[in-house]
Protein chains: 4
Amino acid sequence: MAVAKNAGAAPVKKRVRLSTEVRRQQILDAALIEFTALGFNAASIAKIASRAGTSKANLYVHFENKDAIFETLLKDVLQPALGAWQLPPAGHGIEKALDAYIDRRYHDMTPQMVSIMKLLIAEGHRVPALIQRWQDETVLPAHRQQQAVIDSYVADGVLEKSPLTDNFSFIMVPILYAVICKIIFTPEVAEAECQKTKETHRQLIQQLLKARAGVLPEKLL
Amino acid sequence: MAVAKNAGAAPVKKRVRLSTEVRRQQILDAALIEFTALGFNAASIAKIASRAGTSKANLYVHFENKDAIFETLLKDVLQPALGAWQLPPAGHGIEKALDAYIDRRYHDMTPQMVSIMKLLIAEGHRVPALIQRWQDETVLPAHRQQQAVIDSYVADGVLEKSPLTDNFSFIMVPILYAVICKIIFTPEVAEAECQKTKETHRQLIQQLLKARAGVLPEKLL
Amino acid sequence: MAVAKNAGAAPVKKRVRLSTEVRRQQILDAALIEFTALGFNAASIAKIASRAGTSKANLYVHFENKDAIFETLLKDVLQPALGAWQLPPAGHGIEKALDAYIDRRYHDMTPQMVSIMKLLIAEGHRVPALIQRWQDETVLPAHRQQQAVIDSYVADGVLEKSPLTDNFSFIMVPILYAVICKIIFTPEVAEAECQKTKETHRQLIQQLLKARAGVLPEKLL
Amino acid sequence: MAVAKNAGAAPVKKRVRLSTEVRRQQILDAALIEFTALGFNAASIAKIASRAGTSKANLYVHFENKDAIFETLLKDVLQPALGAWQLPPAGHGIEKALDAYIDRRYHDMTPQMVSIMKLLIAEGHRVPALIQRWQDETVLPAHRQQQAVIDSYVADGVLEKSPLTDNFSFIMVPILYAVICKIIFTPEVAEAECQKTKETHRQLIQQLLKARAGVLPEKLL
DNA sequence: AATGAATGAGTTTTCATTCAT
DNA sequence: AATGAATGAAAACTCATTCAT
């Protein structure tokens, strides 16, 4: 009657003890997947824990509660998100430089990035303080910094002044449209819409951003 | 603490009996508010019922289940949403016409419309069939129809061919950006961003859409 | 009305932590009582939980759902039920052996056994697979095994061939009648009916089962 | 916009007004089907109403509540059930008479009768008064009356005294077994068990009931 | 740090029953 | 008599969180 305790070879869950940082990161990785796939409410602590290879109770050793996991996660992810809005250096022919820039931006639009955007839109309201800080300390400064560069080019006569140079962050707008398409439309339509948008985006930028000297300095894009 | 048992005047909950259509609409109205404010999961049947001034059980008299309410709601709201993407007739001076068009579009961006967009993005995945139908029977046809009009103008030499006339639905893109700003940013920043976007949008359209005769026919916008 | 907030002595519900096996068994015990008393539908999870001295939610830690509890319960109870249909060894005088056998059978007809029979009849349809396995792997084999023994006795000339030796499981039939009486009739009538049935049963068996040698081998009953 | 009220040909539910008795019987017929198929709890008022071709609310015009329907139903059905226990007249050759009797009894074991037995066992406890009356005024009197007839035959020397003539209702016992088999076993096994039981039953009765004169009076079976 | 067991507070859903017409 | 609309009460079930070890 007595059941042999794990007789023979059985998959006994070993109690693994990891350093705080490692475990935290595992939890956050798991949480990112679950949250982006299902949203905050539908993502369950149980699923996150099992994906992280630990127990529900252990999540509470490392985080105050579900909201804290979400917040930490979004905080982490919103930091490098800045990069997505920054202009990296580019080549020398202006047309090529712009094309390369556009390519890079649309290439960065990975499924993961799309998921995070969705999460931000759908659940951002849960972490208003975080959003505000992100907005005030990341998004707006990045806009300003970029705008300052553009302004200096215009002042230096490198670029012609135009509505677009006056509000340079506007240049990102079509990319957001593409992201939203990926979120709401079927994959085929989304893909088609993205291609069309990218092409129009490219052509319009080429038309709107005219460098006086015909060449943009490396720093621009 | 002791509640008088209906002493004197009787505030007894009278049972209100309404026609199916009226009650259904009340429920849908309540549901729209709750769903847009909280999302599908966080919105509760109890809250929707009380907002609709009826009982939980009565919701189930009028709808199969929570999903059915959501679906009905989105279906209803996605029908006239077509209008938001259609170009209504406009005046005669091209600059004025375009300005009026832009004004109208940004004016239509009511809080309710913003909420619905959020719902669509955040919860659209719940009703894939609905989304597909909306996409195939509303969004894409509207795009096509609009594009056909523009194409005819270009063919007739009324408008100059340009990247924007080649992909005319691109003209809506900044509006989506403004909507997303309203969803994720703080009201002040969102408002500022909208103003900037609108102005840039206006100027760029003015610049990009050049009518040969300097006048757009009434039918265009 | 005002409840003293745990004044003086503290009857705070201590959280009792038991091993899975113990708790599972407690739940099954409670469930058996509730199910047999009320039937599947009328038995409530809340009642079972409180009878088991735990919370509703904890039932769901140990069982998938209500059906799983029911199925586990019936599975457990249908295993030893085999015994009820098997013939245990007996003494040497044939009359005495048969009397002892009858006594034992009617003595085994405990209220609990009656409840389980009722459950089986009333709710067996919920677990068709289980019933089928019980029938195929327990009831029919037991019949066959018993029949084989009887057949060998007949072949060996120990017992005279008769309709009863041809279909020996028929011998249990009056016991089932007694059980059903206990389920549907009032206790007094049921008891009287059982007595009458038992006596008739005894006499008829004595009359029908005649051993050639006047003695049944120990193994028969 | 105004929806034409049942434009063209539509299946408008006509409000049918029937005499109380007719409607009552329709409800009872529907209820019998639902109750026997599902049991008391699982049978729903809504289903009964729709099967009866009327509305839920109308059931409450004709019956106090669900229990009343059940009780009325069982009362009706328990009346003629008496017949099942009565011995109808038979032919003259004793073997043939007994065979005919057995045939009739097993033939009467219709699916409907089986369902009602199940209902009686599973839900009889809901109507103890009814069961008691049925037991005291139908079952027991029928037993007694039958027994009296048998006793007179024994006294008259028509039948030999035996355990079976002493407790003649015992003769029905195997039939109950067959019914229970039909309830709990799979159809094939149930059928096989019934056949075996019937045959053994027949042979044993033939063996046990010996008429002195070799002929049973018409009144016996 | 880790976890299996436990639970309170909630959720959606069902259903017998009642009300207003 | 009949019924569509309405509802209170309860059901099963879920889940973030906590306790005991």
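Excluded from the calculations below are hydrogen atoms, water molecules and symmetry mates; all remaining heavy atoms, backbone and side chain alike, are included.
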Report yes or no: does A:Asn65 contribute a side-chain atom to a donor-acceptor pair with the main-chain N or O of A:Ala68 at less than 3.5 Å?
yes

Between the side chain of A:Lys66 and the main-chain N/O of A:Ala43, is any donor-acceptor distance below 3.5 Å?
yes

Nucleotide [N], atom [atom2] - distance to [atom1] of [X] in whole Å:
X	N	atom1	atom2	result
D:Lys47	E:dT14	NZ	C1'	15 Å
C:Phe70	F:dA12	CZ	C1'	17 Å
A:Ile48	F:dA16	CD1	P	8 Å
D:Arg24	F:dA2	CZ	C1'	17 Å
C:Leu59	E:dT7	CG	P	10 Å
C:Phe63	E:dA6	CZ	C1'	15 Å

With rounding to the nearest 0.5 angstrom, report the [atom1] to [atom2] distance, [X] to [Y].
X	Y	atom1	atom2	value
A:Thr20	A:His62	OG1	NE2	5.5 Å
C:Leu32	C:Leu73	CG	CG	5.0 Å
A:Lys118	A:Ile121	NZ	CD1	10.0 Å
B:Gln112	B:Ile33	CD	CD1	8.5 Å

In terms of the nearest nucleotide of DNA chain F, which residue is placed more toward the 5' end: B:Val61 or D:Ser55?
D:Ser55

Heavy-atom nearest nucleotide on DNA chain F for B:His62 versus D:Ser19: which residue maps closer to 5'?
D:Ser19

Treat primed atoms plus P, OP1 and OP2 as sugar-phosphate and everything else as base, then score nucleotides 15-21 of chain E 5' to 3': B for base contact with protein heavy atoms under 4.0 Å, S for sugar-phosphate contact only, - for none.
BSBBBB-

Please map the stems of DNA chain F, keeping only stretches of three or more Watson-Crick or G-U wobble pairs with both distances under 3.5 angstrom.
E:2-21 with F:2-21

When you compare the side chain of C:Ile45 with that of C:Ile69, does any pair of heavy atoms fall below 4.5 Å?
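Yes, side chains in contact.
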
Could you tell me which residues satisfy ring pair (Phe, Tyr, Trp, His ring centres under 6.0 Å) with A:Phe40, sequence neighbours excluded, listed by chain and number?
A:Phe35, A:Phe70

Do the charged groups of A:Arg24 and A:Glu21 touch, with an N to O distance under 4.0 Å?
no

Identify whether any heavy atom of A:Leu18 sits under 4.0 Å from a base atom; if not, whether one sits that close to sugar-phosphate; answer base, sugar-phosphate or nothing.
sugar-phosphate

Does the side chain of A:Arg23 get closer than 4.0 angstrom to OP1 or OP2 of E:dA1 through an N or O atom?
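So the side-chain polar atoms of A:Arg23 never come under 4.0 Å of the phosphate oxygens OP1 or OP2 of E:dA1.
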
